[in-house]
Student: 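Have a look at the structure that comes next, please.
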Amino acid sequence: MPTMRQPAITVEPRPDARWAVQTDGTQRAVRVFDRKQDAVSDARTRARGRGTELVIKDERGRIQSKDSHGRDPRAVRG
């Protein structure tokens, strides 16, 4: 039986030099921060609570890193 995957939580830059925490598939940010570090901390807490993936983007909007907080579908340990 396939399981439904939770939408990822993303930290992304805004045109006003602030950082948004947003859930994939939504139009509006959950929260907006002045510092990227604060946005990442908030997003990580949300991703852990939901058991989903955290995606962090750089200043240009490119993916900088990903961190899975859910069940890893890979059968390989490590």
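A quick note: this is a predicted structure, and the numbers were derived from the prediction, not measured.
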Student: Could you tell me which non-hydrogen atom of Ala20 sits nearest to which non-hydrogen atom of Ala29, and how far apart they are?
Tutor: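 Heavy atoms only, the tightest pair is CB-CB, 3.8 Å.
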Student: Going from OG1 on Thr10 to CD on Glu53, what distance comes out if it is rounded to the nearest 0.5 angstrom?
Tutor: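 Answer rounded to 0.5 Å: 8.5 Å.
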Student: Working to the nearest 0.5 angstrom, can you tell me the gap between Arg18 CZ and Arg35 CZ?
Tutor: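 The CZ atom of Arg35 is 13.5 Å from CZ of Arg18, to the nearest 0.5 Å.
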Student: In Å and rounded to the nearest 0.5 Å, what is the CZ to CZ distance from Arg46 to Arg44?
Tutor: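 Here the rounded value is 14.0 Å.
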Student: How close do Trp19 and Asp34 get, counting heavy atoms only, and between which atoms?
Tutor: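 What the structure gives for the nearest pair is CD1-O, 4.0 Å.
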Student: Hey, what do you get for NZ (Lys36) to NZ (Lys57), rounding to the nearest 0.5 Å?
Tutor: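 Reported value, rounded in 0.5 Å steps: 11.5 Å.
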Student: With a 4.5 Å cut-off on side-chain heavy atoms, are Arg14 and Phe33 touching?
Tutor: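 Counting from C-beta outward, Phe33 and Arg14 never come under 4.5 Å.
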Student: If you draw a 6.0 Å radius around CD in Gln37, do more than 12 non-hydrogen atoms from other residues or ligands fall strictly inside?
Tutor: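 Counting neighbours around CD of Gln37, 12 or fewer heavy atoms of other residues, nucleotides or ligands fall under 6.0 Å, so no.
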Student: Please identify which of these residues, Val21, Thr45, Asp67, Ile56, meets the side-chain contact (heavy atoms from CB on, under 4.5 Å) condition with Val40.
Tutor: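 Output: one option passes, namely Ile56.
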Student: Can you see which heavy atom on Pro7 is nearest to which on Thr52, and at what distance?
Tutor: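 Smallest interatomic distance, heavy atoms only, reads O-OG1, 2.9 Å.
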Student: Once rounded to the nearest 0.5 Å, what's the spacing between atom CD1 of Ile63 and atom CD of Glu12?
Tutor: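 Output value for this atom pair is 10.5 Å.
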